[in-house]
Visitor: 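Starting off with a structure, shown below.
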Amino acid sequence: MNLLPKPKKLEKKQGIYEISWDTVLVIDENMYENGTVYAAVLQACIRKYTGMTCAILRGKQRQGDIFLTVASASYSAQEYQIEIAPDGLIIVGGDGAAVLYGVQTLCQMIRQCGGVLECVEVHDAPDLSQRGYFLDETRGRVLSLPYLKGIADRLSRYKINEFQLYVEHTYLFRDLTEMWRDETPLTAQEILELDAYCRSLHIELVPALASFGHLYKLLSTRSYGDLCERSNSWNADFSFWDRMAQHTIDTTDERALPLIKNMLAEYGALFTSRKFNICADETFDLGCEKSRETAEWIGMDQMYINHVKELCDFLNSRGKRVQFFGDIICRKPELIAQLPQDTLCLTWGYAPEQSVDSCHAMAQAGAVQYLCPGVGGWNQWINLIHNSYKNIVRMCGYAHQYHAEGILNTDWGDFGHVNHPEFSVPGMIYGAAFSWNQEEIAFDEINRQISMLEYGDTTGQTVDILAKVPEHSLFGWRDVVVYYEKTARKRVFKLTEEELPQLLLTDAATADRMVDEAGMALRKLTIQMKRTAVSMDEQAREIVGLFTLTTEAVRLWNEVGAVLVHEKHGTALSQEQTYALAGRIERWFMAFKEAWRRIGREGDLHHIAEIIFWYADRLRRKS
């Protein structure tokens, strides 16, 4: 039987338990915390996979019932036990969250066995108490409330108990109209509703707000542009690259702290969580211009920690525990001693062979840590699934080794978040599996299990097919953006040869061969996925349509890269060929927009369109 996360103990017993038309889901009369929510989750699962609808009531257990109860004196928080016997089924947990986790494990069993369950005893508890997922809701996609609730449902299925929405400018701040006027921001009511929904599933919805670096939209307004560390950057044309690399606030300006504190206060008030992630990462411009004199006087590292400490003290006074990303402080771990004692350092690293150095250094300095791996989707048409697996396994291992408080698995949206969020699901589940149970599951095996549990794919191939696509991307989305901004926007990039697309470094004949080979491989994968569709649950088959749309994107942009190689070598393709390619891109992009809008608002779609259409127009350029 496939169960993710893998339980610590599963012992088979004699006999079977049958779910029937008269089976009753009984909530212990002494359990008041969300018992009806847990029972409703189980009721929906039984209806879906057995065709039977079980009644729900509160009271005492009778023979044949499915009984949900809490025994906090006997079990620790999040610890649960499932006992399946021929005459009844009991789920008992140390708290409400534990009972829900037991329900979710039982749902996975029902999905595979229907209404006839083998008698077993499951005893389980997490290795790490905090298991989080961090979603970029600002730099590309602004996902709809129903879709975000769907993400919460999936997080609950795999026992993830912390969910962070990263925001720079996509919340409708009452007094910052200039920042969001051309955006499609989340409203307070939506966040309040999502917070309540997550809370009912024992998921802590945690605010994550840029408060130091990454303030592109705020520091690009006429009202606050002069607070940017760099002069005149506020009135530059939009650039995906600049949005990532610049726009740190000038901490020496007396208006900066009150502005940031007001934003933190307004946004934080919407969340019942007592945590707050102030981010404070990648402050690339700190001390480079307006605050240079202060940096020379006290040092940039001290400038950095002073600002973070101010925000920590402010949020602590409002009952919030602060989290912040640790990329800057890792250079001088001893600075952690200047922050409040319970401040959480989010130590991140996304390499497949990620070094332990930062984690080790922060642990030696006495920092309380979350370890932060990533699902590998940023700048990609489809996530780097194999890389993310290796990264997540490694970072979860470091978390266990260095007694981290938790894991925060990150899903960033650099350069417009063009990858569909559904492609992040395998990485999300890797994080859930290895933060709950540190026992490693081989890549092929966990992919087979995810394919069956998440997609109902009886062939077990879905995730393996997804994972192979990035191997055939020769001119990826990051390459598309960099070439556009370098050519059309005249941006200057200092890229090493390893960072350049290898396709553009070849001759025309080699480029054509590479593109043809990649195209044939993508075609085979597309056919394989389409054949797999009949083996999936009906509601999971949407992934097949998204997959075919995405493999077409990879194929099209590979061909665009080959056109650029031909131009470089003076062997430009015919007008008929380039016009036809432009038309294919535009037809594909129409379908891409429809898929984008089904799950969210416009977000950065207009910026993506600008780049797409620039290439289409370039392909139609007459010689």
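Just so it is clear, the structure is predicted and the values come from calculations on it, not from any experiment.
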Visitor: State, with a plain yes or no, whether a side-chain heavy atom of H214 is found less than 4.5 Å away from one of Y166.
Guide: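 Of all side-chain heavy-atom pairs linking Y166 with H214, at least one is under 4.5 Å.
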Visitor: For a quick check under 3.5 Å, do Y398 and Q354 share a side-chain donor-acceptor pair by atom type?
Guide: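 No donor-acceptor contact under 3.5 Å links the two side chains.
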Visitor: How long is the gap from CH2 on W348 to OG1 on T410, to the nearest 0.5 Å?
Guide: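 Taking CH2 in W348 and OG1 in T410, the distance rounds to 8.5 Å.
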Visitor: Mind listing the closest non-hydrogen atom pair of G94 and V70 along with its distance?
Guide: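 Distance-wise, the nearest heavy atoms are O-CG1, 3.9 Å.
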Visitor: For residues 538-546, run the donor-acceptor check on the side chains, cut-off 3.5 Å, and write out each pair with its distance to 0.1 Å, sequence neighbours left out.
Guide:
| unit_1 | atom_1 | unit_2 | atom_2 | d |
| --- | --- | --- | --- | --- |
| R541 | NE | A533 | O | 2.9 |
| R541 | NE | M536 | O | 3.4 |
| R541 | NH2 | M536 | O | 3.1 |

Visitor: With distance as the sole criterion, is a donor-acceptor pair present between the side chains of Y38 and H202 under 3.5 Å?
Guide: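 The answer is yes; a qualifying pair exists.
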Visitor: With no hydrogens and no angle check, just 3.5 Å: does a side-chain donor-acceptor pair link Q78 and S129?
Guide: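 No pair is found: no donor N or O on one side chain lies under 3.5 Å from an acceptor on the other.
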Visitor: Output every pair passing ring-ring contact (aromatic ring centres under 6.0 Å, His included) with a member in residues 92-121, not counting sequence neighbours, ordered by first then second residue.
Guide: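 For residues 92-121, and leaving out neighbouring residues, the ring-ring contact (aromatic ring centres under 6.0 Å, His included) pairs sorted by first residue read Y101-W436.
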Visitor: How close do S388 and G374 get, counting heavy atoms only, and between which atoms?
Guide: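 Residues S388 and G374, closest heavy atoms: CB-O, 3.5 Å.
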Visitor: Under a plain distance cut-off of 3.5 Å, with no hydrogens placed, do Q112 and Q108 share a side-chain donor-acceptor pair?
Guide: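 No, because no side-chain N or O of Q108 sits under 3.5 Å from a partner of the opposite role on Q112.
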Visitor: Return yes if a side-chain donor-acceptor contact under 3.5 Å exists between T105 and K159, otherwise no.
Guide: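 Side chains of T105 and K159: pair found under 3.5 Å.
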Visitor: If you compare all heavy atoms of M109 against all heavy atoms of L10, which two are closest, and at what distance to 0.1 Å?
Guide: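 Of all heavy-atom pairs spanning M109 and L10, the closest is CE-CD1, 4.5 Å.
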Visitor: Does the separation of the ring centres of F325 and F134 fall below 6.0 angstrom?
Guide: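 Under 6.0 Å, so yes.
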Visitor: I'd like to know if E454 and R111 make a salt bridge, using a cut-off of under 4.0 Å between side-chain N and carboxylate O.
Guide: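 No, E454 and R111 are not salt-bridged.
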Visitor: Only counting residues at least two apart or in another chain, list the ones meeting side chain to side chain donor-acceptor pair (under 3.5 Å) with S76.
Guide: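 Testing S76 for side chain to side chain donor-acceptor pair (under 3.5 Å), a comparison that skips the adjacent residues, returns E79.
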Visitor: Of all heavy-atom pairs between P373 and I407, which one has the smallest distance, and what is that distance?
Guide: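 Residues P373 and I407, closest heavy atoms: CD-CG2, 4.2 Å.
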Visitor: Determine, step by step, whether D124 and Y80 satisfy the side-chain hydrogen bond (donor to acceptor under 3.5 Å, both in side chains) criterion, reporting the C-alpha distance in whole Å, the side-chain angles of both residues, the deciding distance to 0.1 Å, and the verdict.
Guide: CA-CA 6 Å; D124 202 11; Y80 71 90; 2.9 Å; yes
Visitor: Do E439 and K6 make a side-chain contact, defined as non-hydrogen atoms from C-beta onward lying under 4.5 Å apart?
Guide: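 The answer is yes; the side chains approach within 4.5 Å.
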Visitor: D414 and D136: which non-hydrogen atoms are nearest, and at how many Å?
Guide: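 The answer is N-OD2, 4.4 Å.
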Visitor: Using the six-membered ring of Y197, assess whether NZ or CZ of K149 lies under 6.0 Å from its centre and within 45 degrees of the ring axis.
Guide: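 Positive - K149 is close enough to the ring of Y197 and near enough to its axis.
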Visitor: To the closest 0.5 Å, what do you measure between OG (S424) and CG (N383)?
Guide: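 Those atoms lie 4.0 Å apart.
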Visitor: Would you check if there is a donor-acceptor pair between the side chains of S535 and T459 at a distance under 3.5 Å?
Guide: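 Not at all, the side chains of T459 and S535 share no donor-acceptor pair under 3.5 Å.
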Visitor: Quiz question: by atom type and distance under 3.5 Å, do the side chains of Q164 and Q323 form a donor-acceptor pair?
Guide: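 Side-chain D/A pair, Q164 to Q323: present.
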Visitor: Would Q461 and R531 count as having a side-chain donor-acceptor pair, cut-off 3.5 Å?
Guide: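 Their side chains do not contain a donor-acceptor pair, so the 3.5 Å distance test is not met.
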Visitor: Are W381 and F423 an aromatic pair by the rule of ring centers under 6.0 Å?
Guide: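 No, the ring centres sit 6.0 Å or more apart.
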